[in-house]
2 protein chains.
Amino acid sequence: MKNTRITLKDLAKELNLSASTISRALVNHPAISEATKKIVQKKADELGFIPNSIAASFRMKRTQTIGVIVPRIDIHFHSLVISGIEEFAYNNGYNVTIFQSKDSLKREKEIIKILQNKMVDGVIVCLGIETQNCDHFKKINKSGIPLVFYDRVPTDFDANKIVINDFESAYLATEHLIKNGCTTIGHISGSQTTNIFKARLEGFKAALKKHHLPIEESLILFTKNLTYEEGVACAEKYLESPLKLDGVFCANDYTAVSVIQVFRKAEIKIPEEIAIVGFSNYPISRIIEPHLTTINDRAFQMGEAATKLLIRQIEEKDDDIKSETITLKTELIVRESSSRN
Amino acid sequence: MKNTRITLKDLAKELNLSASTISRALVNHPAISEATKKIVQKKADELGFIPNSIAASFRMKRTQTIGVIVPRIDIHFHSLVISGIEEFAYNNGYNVTIFQSKDSLKREKEIIKILQNKMVDGVIVCLGIETQNCDHFKKINKSGIPLVFYDRVPTDFDANKIVINDFESAYLATEHLIKNGCTTIGHISGSQTTNIFKARLEGFKAALKKHHLPIEESLILFTKNLTYEEGVACAEKYLESPLKLDGVFCANDYTAVSVIQVFRKAEIKIPEEIAIVGFSNYPISRIIEPHLTTINDRAFQMGEAATKLLIRQIEEKDDDIKSETITLKTELIVRESSSRN
DNA sequence: TTAATTTGCGCAAACGTTTGCATAACTATT
DNA sequence: AATAGTTATGCAAACGTTTGCGCAAATTAA
């Protein structure tokens, strides 16, 4: 039972056929008669033939593998995306190898090298926070490997991108607050070097403007990473504000949860006195009390869409690589934190 | 700029050396002079040489890749483990390709086939819920591919396993409740077909016994998947119980959170009237109010440990595959939900 | 029957590495 | 000056597939 894996040649010898015939038989090539296909398949099963994909990849220059680069795997959003990627890839005969950039540009570049060495058929990436310049991606793209970005996408070249409409989602969320009677609305935003947070802020402002509400700059708070702790700090600022807020739109769910908790502790009724909306539909949003109104950002679908687009580009013959941007529709999930019925 | 990747031969021709010399120079082989190593490296950089790992894998029968099979990627515990795996693997020159079994035995078997085809150097797996029989794993193991299980591990053969001591952790958690003055303690448990939940129940009982507290079977509730919703149902049962509980040990954090919320809504003070302990240290445990006392199950470290063990076995010459079980130490994280100080 | 077409299969090359062995060029030892 | 030892490099085979092309046999058309 030691390391002598059966090969095509072994099968060939065994059946007095050529290796080519065996090969073709096993992939159901039309030029082979049904009869011999049966024979070959049977013998293959019998001898426990294990096809050597590496040899095939080597020969065909195709690995049926897609590389994925995410900042971190243990961020729920990314794990959802990866889940969508794996699911779609698996169902279409591709495997997925994952890398964490840890938001390090250096590591991102290393990974790109590895992916080229390993000849992945395509790659899906969410940019690291350090990455301002995408030359390393341009290079791999030029070398013929299709690329799809999601969520944090490059702005300096037009690649394939899967995004949600952050502007519109934020607009919707804010408008929802307004329709629920809020007139003095705050916004907790993320780093303005990241486009998605910039867009959410713009959407927020646009909704206010549209409904003729003043934009109170003092109610727009900026955080670095939208952490729970930063959220707490923001909420406390709101408490001290001379303006009495009656609504907050938070750029993610963590900060929204902070706001809920801080305000509750201050004995301010949610949603009666202040309505809260988050962003991302994290699991906690349906657990926190009151349950949090939020935006479903379609992480799983994002993974699927990215993979679908990537595989299409991999399998398309014409090698003039077009670039496409797909914008996924989000959805406002209304829960108690904003429902003044 | 089209598909003509530079090869060793190209470099060889360019430098009037043989391909073997180039190959050896690039891997820093001792038999090559420093002088030529310099030359070769320089030329390689100059021409943008990209080593073809597939060819190398083909030749060496080693892919520097480890396969990972998890039930689902988007479960936080697994995403943490995977994160640990990727981190350790990356730092040791291995790549990680992931698969989701979706708890399907059929899919698990398919994946095993793929992993053999692709000649991964080793595999890390958390068994799917359907998997009672590990013959497919035994087979791949026999074929010389090292295997490490984590969390949900097989009982019917002795493989490499990374686990935590569920019994001891549960014992500790329960004892903590007792030391905080609880005398009537409930336990919300998971499916008893899963060993880890069986062990947690046993640990719970053992602690009670040790401290001469009666084991009230009616306070031990079983759920199927330890979901938040099941937790709510359990908590409601507790409310209706004739026995007045003053503590609950939950087999995971989701159910613990349910209990907190249901009891709070019933205006029962936590931890004064009832103390709660969860299991896993999910992010929500430090957000829910009161913050949840729980067990740190060391998911990330589990991934690291699994990978470390796996790589050791891959790189060990002697091919008599030993099997090892590593038990990670857990840690009780005391927070407000159980602190009656 | 012969010619033309189709069907089924084999030959052999190629993919880019790595590696055991041979060999050439030195250096050191006698 | 001859021998042994060392150092640096080259040769060639091998890894297991896939695939273009060729060819024989079987089938169909004439």
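Every chain is numbered from 1, with letters handed out A, B, ... down the list of sequences. This structure is a prediction, so every number in the text was calculated from the model and none was measured.
Counting only distance, with no hydrogens or angles, the side chain of B:K118 and the backbone of B:K113 share no donor-acceptor pair below 3.5 Å.
When rounded to the nearest whole Å, the span between CD1 of A:I6 and C1' of D:dG16 equals 13 Å. Rounded to an integer number of Å, the gap from CG of B:N52 to P of D:dT17 is 18 Å. As rounded to whole Å, 15 Å separates atom C1' of C:dT17 from atom CZ of B:R62. Atom CZ in B:F49 sits about 4 Å away from atom P in C:dT17, given to the nearest Å.
The stretch residues 82-98 of chain A participates, sequence neighbours left out, in these salt bridge (charged side-chain N to carboxylate O under 4.0 Å, His left out) pairs: A:E86-B:R107, A:E87-B:K102, A:E87-B:R107.
B:K61 comes within contact range of the sugar-phosphate backbone alone, with a heavy-atom separation under 4.0 Å but no base atom that close.
Looking at residues two or more places apart in sequence or on another chain, you find a side chain to side chain contact (heavy atoms under 4.5 Å, CB included) between B:I39 and B:L15. Residues satisfying the ring pair (Phe, Tyr, Trp, His ring centres under 6.0 Å) criterion with B:F137, sequence neighbours excluded, are B:F149. The side chain to side chain contact (heavy atoms under 4.5 Å, CB included) check on A:K138 picks up A:D135, A:D156, A:F157, with sequence neighbours excluded.
Ring stacking holds between A:F58 and C:dC15, with the centres under 5.5 Å apart and the planes within 30 degrees of each other.
Side chain to side chain, B:Q64 and B:N95 fail the donor-acceptor criterion of an N or O pair below 3.5 Å. For the 3.5 Å distance criterion, the side chains of B:S101 and B:S104 fail to qualify, holding no donor opposite an acceptor.
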Interface polar pairs with nucleotides 4-6 of chain D, N/O, under 3.5 angstrom:
none

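Across residues 10-36 of chain B, B:N16, B:L17, B:S18, B:S20, B:T21, B:R24, B:A31, B:I32, B:S33, B:T36 each have a non-hydrogen atom less than 4.0 Å from an atom of DNA chain D (numbered order).
The side chain to side chain contact (heavy atoms under 4.5 Å, CB included) test with B:I66 singles out one residue from B:I145, B:I85, B:V123, and that residue is B:I85.
Comparing D:dT17, D:dG16, D:dT19 by their nearest atom to the side chain of A:M60 picks out D:dT19.
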